[in-house]
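Heads up: the structure comes next, in structure tokens.
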Amino acid sequence: MYRLWPVFMSLLVFCVALQVSAAEYIVKVKKNINFHKALSVLHAENAVRITSIHQIGRLAKISMETSSGKATAHRLSMLVANQDIEYVVENIKLHALETPSDSRFSEQWALEKINVLSAWGLTKGSNNIVVAVIDTGADTKHEDLAANIWTNQKEIAGNGKDDDANGFIDDINGWDFHGNDNNPNDETSSANPGHGTHCSGIIGAVGNNNLGISGINQHVSIMPIRFLGADGSGDLFSSTKAIDYAISNGAHIISASWGAPATKAMAQPIIEAIERANQKGVLFVAAAGNEGASNDTTPSYPANAGLSNVINVAASNPSDKKPSWSNLGRLTVDLASPGDEILSTLPGNKYGKLSGTSMATPLVAGLAALLKTQNPTLTPAQLKAILQSTGAKVEIETACKCRIDAAAATNAVSIKTLTVVPAAGHLDIGETLTFGAWGGVAPYTFTSSDPEVATVTDEGKLTAVKKGEIKVNVKDSLGALATSLDILVGQKPSEATGGCPFGDPLICMLMCIIMPDAPWCNNDGGGDDGKEGGGVPGLPPGFPGMSMI
């Protein structure tokens, strides 16, 4: 009974708040109690009507009047307090796991791999959830996308005015930061087959409409924001503006299938934009990259921003292996997602298969949107922890060593499974990290699996002591337990934090002569006199701009 109590209390609060009209419940009589006598007393004392019984399960289906939420809560409280009753649950409706009518759904191996049909038994998404696809744009008139394209309700189309005073005139369906106009439609070329349209379809191609495919969300609002041109590239400044547009105009999640190898200094504008998203509770999902490299040693931005609202995504194939081209990284890449030969929408009412962490990323963003539909209060850090802790275990080098599982994630949200937040992480010796929890019943108590490596206070403040690996345990007020994934202590990714913020190495070298104390200059060496010199560090490749991945 104790396990069901949090679920019941959540239901009870929900019923009281919304004045629901649900009238059927299932009652289980305890084993050592006379079944029929208990039901007779139940009927007499609680003014409920027993409509059916299942003696093998010691269950009775009851019906009661629900004139108000308060009255319902009172009656349910009496039932729960009854010493003869083991538990009471709502008689919820179940539905067949219907395969959608989309003509090419059978070709969508990725949705089958992540168990989307089971997830759809709980939610198929909602147009109230807005996912910004910052990319090459999207075909807003595509037969399988149009109904799920975001509309700016505060703007009047075609009047040449900035009706909502957001700084953009007639931005009905998004904005084009590449062309600086209100047309965010995809422009194809030999370099761009319709990258943004493809990513958009993975998130939210309209489901069950007898056309093409289904996105992981059959219902969602896709906000197309274009900053990459027909050649698939765009600049850092435009990408930063695109992120802020998404934040300002109500996006809950940002999907970013683009990036470039860079130093942290070079990527600072976009890191700051992502932090602004974090402050507004916006999740940022980014592609790890397709160089077959480790993001732990070769940073790629925006994926390596390292903020709590960022999910850095590697790709997996139908065999749950890492394609040779996908980036990885136990310290910096958070999880894996199907990204090999993914069928989705292309401009001009077409469909096609593309591969890359670009394709893996919107699938994660789309799954996060499903979870957000179930519980709009979920924070980016909680979404990330739930996706990692419920992922299917695979041998792909990421923080969770997992691949997303839609059924497990949506079920965890549905029953509010106790989850450690963050679920995985890394920190240097001497650093601290504060842990929290989601689900279960607060208050929570935290412990460390190895206090010699890291100590954790009851309230969740972890202090790294020496190099090693630990797990953080949490117990809720009812005694439920949960354990984090690996927390790595004394391990940090390579990061040129003082790296030159300019793309031309020659300029950086010249500036080190002029101002040898600049943070990107090597001041450790110098001449034989023992004084600090104005040497030049090993500089990273130039940072020409962002490009699709």
Side-chain angles (χ1 to χ4, degrees), residues 132-135 177 225 227-228 233-248 251-289 291 293-314 327 329 331-334 357-358 361 364-365 368 379-381 383-384 399 422 424-428 431 433 492-503 508 518-520 537 539-549:
V133 179
I134 300 178
D135 211 284
F177 287 94
I225 305 175
F227 90 99
L228 299 174
S233 68
D235 62 41
L236 180 64
F237 189 67
S238 294
S239 69
T240 302
K241 292 196 294 182
I243 293 170
D244 282 315
Y245 178 90
I247 299 168
S248 300
H252 299 98
I253 298 162
I254 294 173
S255 183
S257 293
W258 40 270
T263 67
K264 189 172 185 179
M266 296 162 74
Q268 200 58 34
I270 202 168
I271 294 173
E272 292 172 356
I274 297 170
E275 175 56 33
R276 289 190 290 275
N278 197 17
Q279 292 169 3
K280 294 293 185 180
V282 179
L283 179 69
F284 192 93
V285 188
E291 294 79 31
S294 171
N295 287 35
D296 292 353
T297 56
T298 306
S300 178
Y301 286 90
N304 271 54
L307 298 169
S308 62
N309 66 323
V310 176
I311 300 180
N312 186 342
V313 183
N327 285 7
L331 298 174
T332 55
V333 180
D334 296 303
T357 52
S358 278
T361 295
V364 175
T379 67
L383 288 167
K384 181 176 177 178
H426 62 84
L427 67 169
D428 211 352
E431 289 186 336
L433 182 62
K492 295 192 72 175
S494 299
E495 187 62 83
T497 55
C500 178
F502 308 105
C508 294
W520 59 86
L539 296 168
F543 189 37
M546 298 291 184
S547 61
M548 60 188 187
I549 293 176

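As a basis for the values below, the full set of heavy atoms in this structure was taken, side chains included, without hydrogen atoms, waters or symmetry mates.
A pairwise comparison of heavy atoms in I247 and A273 identifies CD1-O, 3.7 Å as the closest pair. The heavy-atom pair separating L331 from H426 by the smallest distance is O-CD2, 3.0 Å. Among all heavy-atom pairs drawn from K384 and V310, the shortest one is NZ-O, 2.9 Å. The minimum heavy-atom distance linking G259 with M546 is given by the pair CA-SD, 3.6 Å. Taking all atoms of both residues into account, the shortest heavy-atom contact from A287 to T361 is CA-OG1, 3.1 Å. Looking at every heavy atom in both residues, I253 comes nearest to A365 through CD1-O, 3.8 Å.
When the side-chain hydrogen bond (donor to acceptor under 3.5 Å, both in side chains) test is applied to E272, no partner is found at least two apart in sequence or on another chain. Scanning for side chain to side chain contact (heavy atoms under 4.5 Å, CB included) contacts around L427 gives E431, L433, L462, A464, I487, V489, with sequence neighbours left out.
In this structure, N327 contributes its side chain and S294 its backbone to no donor-acceptor pair below 3.5 Å. No side-chain donor-acceptor contact under 3.5 Å links S547 to the backbone of S233. When atom types are taken as modelled, the side chain of N295 and the backbone of A288 share a donor-acceptor pair closer than 3.5 angstrom.
A donor-acceptor contact closer than 3.5 angstrom links the side chains of T332 and D296. No hydrogens or angles considered: nothing links the side chains of N312 and D334 as a donor-acceptor pair under 3.5 Å.
L383 pairs in a side-chain contact (heavy atoms from CB on, under 4.5 Å) with only one of the listed residues (V364, L283, V285, I311), which is L283.
One distance of note links OG of S255 with CD1 of I225; it measures 11.0 Å at 0.5 Å rounding. One distance of note links OG of S257 with CG of D135; it measures 6.0 Å at 0.5 Å rounding. Atom CD1 of I274 and atom CD1 of I254 lie 8.0 Å apart (nearest 0.5 Å). Rounded to the nearest 0.5 angstrom, F227 CZ and S238 OG are separated by 7.5 Å. Rounded to the nearest 0.5 angstrom, F284 CZ and R276 CZ are separated by 11.5 Å. In this structure, CH2 in W258 is found 12.5 Å from OG1 in T357, a value given to the nearest 0.5 Å.
With a 6.0 Å radius and a threshold of 12 heavy atoms from other residues, nucleotides or ligands, K280 has its NZ atom at or below the threshold.
I271 has its side chain within reach of K264: a pair of non-hydrogen atoms, C-beta onward, lies under 4.5 Å apart. Between L307 and E275, some side-chain heavy-atom pair lies under the 4.5 Å cut-off.
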